[in-house]
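Presented below is the structure to which this report refers.
Here is the naming used below: chain letters follow the sequence lines, and residue numbers restart at 1 for every chain.
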Amino acid sequence: MSLNDRQQEAVLHTEGPLLVLAGAGSGKTRVLTHRIAHLIKEKNVAPWSILAITFTNKAATEMKERASKLVQNGDMWISTFHSMCVRMLRRDAELLGYDRYFTIYDTADQKVLIKEVMKQLDISEKNFPVGQVLGAISNMKNQLILPSEAKKLAGAEFREYVIADIYDRYQDRLFNLNAMDFDDLLVNVCILLQTQPQVLDYYQRKFKYILVDEYQDTNMVQYKLVQMLAGLYQNLCVVGDDDQSIYGWRGADIKNILGFEKDFDDVMTIKLEENYRSTKNILDAANKVVANNRNRKHKALWTAKEKGDPIYIMELDNEYKEAVAVADKIVWLIESGTYDYKDFAILYRTNAQSRALEEKMIAHSIPYRLLGGVRFYERKEIKDLLAYLRVIANGKDDIALKRIINVPKRGIGAATISKIELHGIQNGLNFFEAASDSIQNNIVSGAAAQKIREFVSTIEALRETKDDVRHLVDILIEKVGYLDYIKNYDDEDPQDRIKNIEELVSKAQTYMQAAEEPTLDQFLEEIALVADVDNYDENSNSIVLMTLHSAKGLEFPVVFLTGLEEGLFPSYMSIKDEEYDDTKLEEERRLAYVGITRAMEKLYLTYATERMVYGQTKINTPSRFINEIPTEITNREVNKRKSYQPEYEFKQQYKQQFSKPRQKIENVPPYESDINMGDVVKHRMFGRGTVTELSKTSDDVFATIEFDSGQTRKLSVKFARLQKVK
DNA sequence: GCCTCACACGTTTTT
DNA sequence: CGTGTGAGGC
């Protein structure tokens, strides 16, 4: 397959700033890889002069693979912003006063630390929920607002001042822990480049050609980084689609892409508008939906493909029936012989929705993979073991240390811990140092001291085998008796946890085999920076369940977009003040656009009229996004599937009887039908068929019909309007 | 120092 | 509804 004219232009225009507005499915990855190949092969650019930044590690790996097929790509930097920054910091963190073996803190670690800080400042979590504080701090970091500035900006605003104060202390603590959170990785590189001219100069000269993918999702720090790195040569190519900007909540600023032409001089802009992925109907639906957004660049995505199937819209009673309907369609499509499990994706707005879907996939024996939810590295047992590894790697990581100092239980209790902690604070020691020091000074003595001594020597012994990660994990588990601990600790299913631990061991093994020069730090770093999508393996033959956000950049022949309900998608948060602020709603709409454009051939949109949220049933109306799709290209099925899940039906009735006592329970006479076994009937959509099975419920009769077309369906006699032929 | 029970809270999305 | 946290008892 060759490149089209526009794509070619984007590949050949190598000098100066270039903005490529690449619509969904317009082949931008091809452009990027061909551009890299062109630079190296035709322009004789050295691979190590190229920097390519992607949004996920998976995209980076993929690009590396694709590029390596075209050229030798030895020392090319192809990575995410975060990985790139870690790489730079491992080299120069000392210039900022950090140790190069710094630890990367994830959200959970951040929360623990913020809680500690708030406790010290005597701020109640009631008034300042940790999550909110964390979000506020992250926002400030994304805008490059440092604690000192934050305080100035807060001025007399009490709330903001308190948060700025927490931010200040939090940052201080991080520094002393030799740790950085995700945002710090970017912020610190920014500071590094701003304050160390020789470092800036080095990278500016090094990276003669810079490419940034998914530019619409960059935030201010990332913008600054790009601007600085490209400062000398200005050979900056950014690729993105303003209609696919879905990370505003993470500080991504759509203005970066909308204003690119103003931010740089002599910008060349190329639009890629031919979509190679989806059928015409799918593309039309996507275009029509996103056209309702006002804040966007004009683009007219088109395709040479056929119209294809209509957009299927299905209304179901609740999330379980929705899941069954989806499962049913998958089974049906598989049986039709055209599709394989790997061709399907089920997408949803929130991770919580995956439960019902997962349950029904199991019930229908559909092999599936679930991305997101409780991530592997966030599982308790994994976090515990990683905390050990972190302590081994970075002796200053008190947060990790405190997590495992008494896990498994070894008789070091809260009293001992606070004694050591106090001693540490008074003498400016980190926890590990303070522990040893406390014993020497008899601040901790007796049995407790003995336990501490044992613990310290265990850690020190483990440090000996630090970089043989596989071996280290093995002896760690053995030395601290972690497996026994898990077996006794978990009442229900230690088996799952043990499996996870084995998984970690095998990850260590894989790492050892893959890495050229394996180190514990690098192993931990890889773990800290992987997203779930990074683990998505498209070769395994199973359907995949994931959030819309995770699905960005992927494509599937058949896509189910579930939960299209007002309040869920678009989310309640985005519509609650849409009258005076529709930016959030517009982002939701872009998310819908992303979802729709994942589909190549068939797109199903589903919604439930009733859904359990927080254990309470909520009644929702269909999402406005459904109404934004012209009815001419849709096929809407409304509540066809009342027959499924009789046990659930029963529960619902039960609930209705008892939870709504006001309602009168009438004695409904059983529904009578004149359809019998063996009857030949006609249906307005499915045509002629034979009744092979009948089942009665209190108010309806369901007929299983084998249609002449080959499909078998279970239909409600009450609603299907069957005509008797014979 | 450890364990149990009750209650509060959350779900929008993630590197 | 399910999970995580904190207080109080042993």
Starting from C1' on B:dG10, measure out to CD on A:Q353 and report it in whole angstrom.
15 Å
Separation of A:D184 atom CG from B:dT15 atom P, in whole Å?
18 Å
Among B:dT14, B:dG1, B:dC3, the nucleotide that comes nearest once only the side chain of A:A415 is considered
B:dG1
From CG of A:L561 over to P of B:dT12, roughly how many Å is that when rounded to an integer?
19 Å
Ring-on-base stacking B:dT13 with A:W249 (under 5.5 Å, under 30°)
yes
To the nearest Å, give me how far apart OH (A:Y105) and C1' (B:dT15) are.
18 Å
Check the pair A:K141 / A:V221 against side-chain contact (heavy atoms from CB on, under 4.5 Å), numbers first and verdict last.
CA-CA 8 Å; A:K141 288 187 179 182; A:V221 194; 6.0 Å; no
Given the rule in the salt bridge (charged side-chain N to carboxylate O under 4.0 Å, His left out) test, do A:K584 and A:E588 qualify, once you have shown the distances and angles that lead to the verdict?
CA-CA 6 Å; A:K584 286 191 191 123; A:E588 294 285 304; over 6 Å; no
Taken to the nearest whole Å, CZ/A:F55 to P/B:dT13 is 15 Å
When you measure from the side-chain N and O atoms of A:N406 to the phosphate of B:dC2, is any distance below 4.0 Å, counting only OP1 and OP2?
yes
Counting only side-chain nitrogens and oxygens, does A:T547 get under 4.0 Å of the OP1 or OP2 atom of B:dT14?
yes
Just the rounded figure in Å: distance from P of B:dT15 to CD1 of A:I246.
11 Å
Please determine, by modelled atom types, if A:T617 and A:E610 share a side-chain donor-acceptor pair under 3.5 angstrom.
no
Letter per nucleotide, 5' to 3', of nucleotides 1-10 of chain C [B base touched, S only sugar-phosphate touched, - untouched; heavy atoms, 4.0 Å]:
BS--S-----
Quick check for you: among B:dG1, B:dT12, B:dC3, whose closest atom lies nearest to any side-chain atom of A:R349?
B:dT12
Is it the case that over 12 heavy atoms from other parts of the model lie below 6.0 angstrom from the NZ atom of A:K224?
no
Winner on side-chain proximity to A:T80, out of B:dT15, B:dT12, B:dT14, is B:dT15
Would you please say whether a donor-acceptor pair under 3.5 Å links the side chains of A:Y482 and A:D384?
yes
Would you indicate what A:A528 reaches in the nucleic acid, counting non-hydrogen atoms under 4.0 angstrom: base, sugar-phosphate, or nothing?
nothing
Taking only Lys NZ, Arg NE, NH1 and NH2, and the carboxylate oxygens of Asp or Glu, determine whether A:E587 and A:R590 approach each other closer than 4.0 Å.
yes
Test the A:R355-A:Y320 pair against the cation-pi criterion, namely NZ or CZ under 6.0 angstrom from the six-membered ring centroid and within 45° of the ring axis.
no
A:N351 side chain near B:dT12 phosphate (N/O to OP1/OP2, under 4.0 Å)
no
Using heavy-atom distances to pick each residue's nearest nucleotide on DNA chain B, tell me which of A:F81 and A:K584 is more 5'.
A:K584
Short side-chain N/O contact from A:S83 to OP1 or OP2 of B:dT15, under 4.0 Å
no
Think A:S574 has a side-chain N or O under 4.0 angstrom from the OP1 or OP2 of B:dT12?
no
Provide, to the nearest angstrom, the distance between the CD atom belonging to A:Q110 and the P atom belonging to B:dT15.
14 Å
Whole angstroms only, please: what is the NE2-P distance between A:H82 and B:dT15?
9 Å
Looking at A:D397, A:L177, A:D398, which one forms a side-chain contact (heavy atoms from CB on, under 4.5 Å) with A:F431?
A:D398
B:dT15 phosphate, OP1 or OP2: any side-chain N/O from A:N219 under 4.0 angstrom?
no
